[in-house]
Amino acid sequence: MKERYIPEEIETKWQASWELSKIYKVTEDFNKKKYYLLEMFPYPSGKIHIGHVRNYTIGDVVARYKHMRGFNVLHPMGWDAFGMPAENAAIANRTHPARWTYSNIDAMRNQLKKMGFSYDWDREITTCRPEYYRWEQWLFLKMYENGMAYRKESYVNWCEPCQTVLANEQVEAGLCWRCSNPVRQKKLSQWFFKITDFAEDLLIHCDLLPGWPEKVVAMQKNWIGKSAGAEIRFRIENSTEDIVVFTTRQDTIFGATFMCLAPEHPLVQKLSKGTSFESAVNVFVERILMQDRSGKEMESYEKEGVFTGSWCINPMTGRRMPIYTANFALMGYGTGAVMSVPAHDQRDFDFARKYNLDIVVVVKPEGSDLDSFSMTEAYPGEGIMVNSGAFNGLRNTEALESIADYLEANNLGKRTVSFRLRDWGISRQRYWGTPIPMIHCDSCGVVPVPESDLPIILPEDADLQEGGQSPLPMLEYFKKTKCPKCGNSSARRETDTMDTFVESSWYFQRYCSPDYYEGMFDPAADNYWMPVDQYIGGVEHAILHLLYSRYFTRVLNVFRLVSYKEPFTHLLTQGMVCKETVLCPEHGFLFPEEATEGKDRKCKLCGNLIEIGRVEKMSKSKKNVVDPSTLLTKYGADTTRLFCLFASPPERSLEWSEQGVEGSFRFLNRIWRLAHAWMPYIKYVSTFDGEIDDLEPDLRGVYKKIHQTIFKVTTDIEDRFHFNTAISAVMELVNMLHGFQIEDWSIQKTSLFRQAIETVILLLSPVTPHISEEIWFELGNETSIYEASWPKHSESALIKDTLLVVVQINGKLRSKFIVTPDTEDEAIKEKALSDERIQKFISGKTVKKVVVVQKKLVNIVL
RNA sequence: GCCUGGGUGGCGGAAUAGGUAGACGCAAGGGACUUAAAAUCCCUCGGUCCUUAGUGGCUGUACGAGUUCGAUUCUCGUCCCAGGCACCA
């Protein structure tokens with residue numbers, strides 16, 4: 001028998017061979033059907049983690065499978081290389097973000113290569129390279145020219161001691177993550193992409209993405225958040241100005257008793273100016289704007305506000321309504337003004353009770369009463385209109401329409417829709433990102449960099465400061481420039497960089513022609529490869545990354561750079577990788593082996609009972625991380641890949657189990673032994689290529705099992721990516737083969753068994769390419785198994801020559817028997833009724849009814 | 001609060017145009033081989049009951065109803081878990 005299965009040997013051997021022969025290199029072949037398989041590219045943090053391994057293994061199986069099915073498969077890999085961690089690491093390790101990033105990329109590329117993924121490495125992309133981001137700058141200019149990129153004042157999280165802008169993730173409970181001082185909101189002029197122009201289009205097309213998980217589609221729809229309602233004008237007393245509100249509840253307008261404006265609303269200053277309320281208003285507005293209004297704390301803020309000193313008139317009732325500015329009114333939604341109906345909105349209700357404002361009920365629940373004095377909470381539900389003049393007695397759902405009609409007819413307002421989606425703020429006061437190609441000139445204002453000056457290269461010799469603020473504004477030679485319009489040499493370059501989500505919004509197009517230097521991508525290549533047929537990645541990107549990518553594709557479509565609107569036809573979001581965590585009340589999180597086994601687990605250090613022992617997402621602080629590189633040395637890539645797929649279906653979370661990995665390793669050993677035990681017999685015969693009837697009867701079962709397995713594995717992969725059940729089907733086949741001795745060989749038997757072994761390794765080759773390749777070559781093949789065709793099942797082998805019929809009495813299983821497929825239902829019924837075991841149950845009783853399900857089941861009802 | 005998913009043995013998970021619940025694997029127990037161990041191979045494995053140990057009875061897919069000859073699967077209600085959104089007027 002051949003020596004032991006030593007994964008390290010065969011894996012390094014084949015990886016080197018594949019790399020040398022560039023077997024995974026792909027070119028546009030217009031005669032072949034293309035398949036673009038993409039996995040979300042990683043941030044080069046330094047090490048591949050197990051989540052990457054899972055993600056890329058799933059993708060690799062599909063890529064290899066599709067290739068074997070005859071598709072021309074594009075399967076690229078690259079690096080989402082800009083971002084904050086590089087800056088932090090650079091400060092902590094006294095290095096440079098570029099150096100840190102590039103060396104991480106080298107390390108991670110090596111790790112990926114050890115996993116045996118079928119990437120075309122000639123198409124590798126690194127987003128922090130000028131060859132890449134210059135086209136992003138180019139697109140920015142084009143968007144600016146067309147009004148899709150604009151500048152406006154906006155609030156950012158600002159830490160005064162650190163003199164820096166903080167990302168939302170860097171604000172912890174309202175405090176700076178670095179110095180723990182309070183974070184305040186600071187107004188800065190920033191760049192935005194006008195994604196809201198596409199809100200409707202992005203929403204409509206959500207329903208045209210049948211290849212996406214419903215969950216993700218629902219999340220996208222929610223995020224875009226369309227509401228239908230009306231805009232209504234309220235006249236301000238003693239003023240020529242109006243307040244326009246947006247509401248979805250115009251049916252409740254008769255109950256509107258006061259008005260709330262967002263603190264940033266321009267009318268707030270105007271109305272209070274010069275009145276006795278001015279200072280109180282200013283103090284309030286100043287205080288609210290200091291608060292972090294983006295974090296989770298917001299929900300706990302009590303409703304509060306101050307009177308502006310002005311009144312407006314309810315257009316339906318003529319009632320005078322006091323105008324407040326309130327913390328719960330948001331400038332970013334609707335018009336920034338709310339008509340408050342305390343009886344039917346909880347926030348308005350709380351506010352009214354606090355400031356002793358009138359509450360008027362205008363919708364009553366059907367069949368019961370509602371009283372504004374005794375009610376303890378708002379009634380937001382449906383009901384019958386009251387206190388609403390001509391609309392009394394209508395259902396409020398009808399009034400919604402008739403009041404909208406009335407408002408439109410009398411020119412008081414109009415139907416409209418509102419989205420919760422906001423424009424995409426892309427300015428980052430950060431160093432490690434794509435420079436925004438704009439220039440500020442004292443005489444000309446904001447001037448775009450001429451296209452011929454691109455790329456604006458991010459200087460790589462900047463020193464990062466403790467505290468984290470960007471060094472770009474301090475770099476005179478970068479900042480100081482000539483105005484392209486007037487030539488004034490005191491112009492200043494924009495020193496903000498772009499959000500890293502911009503890079504990841506078009507990288508999939510760049511993969512089609514990564515070295516193209518005349519534009520973002522070669523139109524011919526893009527036309528051939530795009531859209532992505534299958535995209536695979538974590539759910540954590542279900543909203544932002546995917547939405548931004550869909551948006552970018554629309555922008556490119558408007559510019560006629562691409563012909564399609566949706567970049568990803570099918571999407572698979574894989575689940576997290578989890579592992580058991582163990583928490584000791586005294587020692588904190590433990591490695592699982594530091595606790596005893598069994599039910600009442602104890603800490604081995606102190607003997608205390610374990611507080612929590614449950615399965616959670618892997619994280620360093622919880623000491624439940626698995627490092628892929630130790631798995632590779634211990635078991636090899638094939639076992640690691642096999643376990644990732646076998647342990648659970650891809651969209652669910654995967655629970656890591658060391659014993660499960662052992663089990664996968666055992667299975668590969670089993671195949672290895674089986675193949676080598678038979679190798680001397682099967683090596684020199686050709687694969688059986690006859691039909692089932694050509695075989696001796698006792699071999700037909702094996703033939704059938706082979707073809708059933710092909711069918712099962714193919715449909716499991718093709719229809720639903722259920723690799724776990726596909727693998728278990730192969731296990732069943734292997735288990736069956738194990739029962740056979742090959743010594744008493746005949747030509748027919750050995751050629752059939754060669755087919756069996758070939759089938760096993762062909763079906764497994766997308767999952768475990770190295771061991772499959774090794775056995776494939778030992779069988780005498782001279783080209784890679786990757787180039788082999790996916791096996792085809794024989795239809796005739798799937799036809800059953802006997803059928804099992806189960807017999808139930810009142811739905812309970814009582815007996816079963818075997819019939820030939822040509823047996824009539826009537827005969828099956830007779831056989832069931834005369835069955836010995838059935839007779840025991842039915843003798844002496846009346847059979848009320850007999851249900852026969854075609855050649856499958858008989859149910860006798862007593 | 002709203003929107004998604006999900007709840008099946010000791011564990012990961014199979015099985016849904018309604019038709020044998022628990023495939024495959026892990027763990028556990030027993031046995032074979034061995035001087036011994038590892039490795040390997042074979043058997044048992046949801047619970048429970050039996051003076052007949054069986055191709056046995058009952059029970060069992062979060063809980064409670066319903067539809068049906070028949071429900072893990074469909075409908076309604078309840079509970080629990082995970083994820084997402086959240087002062088969106």
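Lettering follows sequence order; numbering is per chain, from 1.
- For B:G56, the base adopts the anti conformation, since its glycosidic angle falls more than 90 degrees from zero.
- In this entry B:U40 has B:A32 as its Watson-Crick or G-U wobble partner, both defining distances falling under 3.5 Å.
- A salt bridge links A:R287 and A:E304; the closest N-O separation between the charged side-chain nitrogens and carboxylate oxygens is under 4.0 Å.
- The partner of B:G1 is B:C85, judged by Watson-Crick or G-U wobble contacts that both fall below 3.5 Å.
- Remark: the A:R670 side chain and the B:C41 base include no donor-acceptor N/O pair separated by less than 3.5 Å.
- Taking A:E732 as the reference, A:K705 meet the salt bridge (Lys or Arg N to Asp or Glu O under 4.0 Å) condition, with sequence neighbours excluded.
- Here the side chain of A:S815 pairs no donor or acceptor atom with the backbone of A:I838 at under 3.5 angstrom.
- Side-chain contact of A:E662 with A:Y635: a donor-acceptor pair under 3.5 Å is present, judged by distance alone.
- For the atom pair CD1 of A:I243 and OG1 of A:T335, the computed distance is 9.0 Å after rounding to the nearest 0.5 Å.
- Taking the P atom of each, B:A23 and B:A39 are spaced 24 Å apart, rounded to whole Å.
- Between B:C87 and A:N327, no contact under 4.0 Å exists linking OP1 or OP2 to a side-chain N or O.
- Residue-to-nucleotide proximity on RNA chain B shows that, of A:G336 and A:S664, the 5′-proximal contact is made by A:S664.
- At B:G57, one or more side-chain N or O atoms of A:R814 fall inside 4.0 Å of OP1 or OP2 (strictly under the cut-off).
- At a cut-off of 3.5 angstrom, counting only N and O atoms as typed in the model, there is a donor on one side and an acceptor on the other between the side-chain of A:N859 and the base of B:C69.
- Look at B:A71: it lacks any Watson-Crick or wobble partner with both distances under 3.5 angstrom.
- Residue A:E214 is the one, among A:E732 and A:E214, whose nearest nucleotide of RNA chain B lies closer to the 5' end (criterion: closest heavy atom).
- Of all nucleotides present, only B:G10 satisfies the Watson-Crick or G-U wobble test against B:C26, with each distance under 3.5 Å.
- Evaluation of atom-type donor-acceptor distances gives no pair under 3.5 Å for the side chain of A:K849 against the base of B:C69.
- Rounded to whole angstrom, the span from the CD atom of A:Q346 across to the P atom of B:G1 amounts to 13 Å.
- Nucleotide B:A23 holds its C1' atom 11 Å from the CG atom of A:N735, rounded to whole Å.
- Judged by Watson-Crick or G-U wobble contacts below 3.5 Å, the nucleotide B:A62 has B:U78 as its partner.
- Partner assigned to B:U16 is none, using Watson-Crick or G-U wobble distances below 3.5 angstrom.
- At a threshold of 4.0 angstrom between heavy atoms, the contacts of A:F643 with the nucleic acid are absent.
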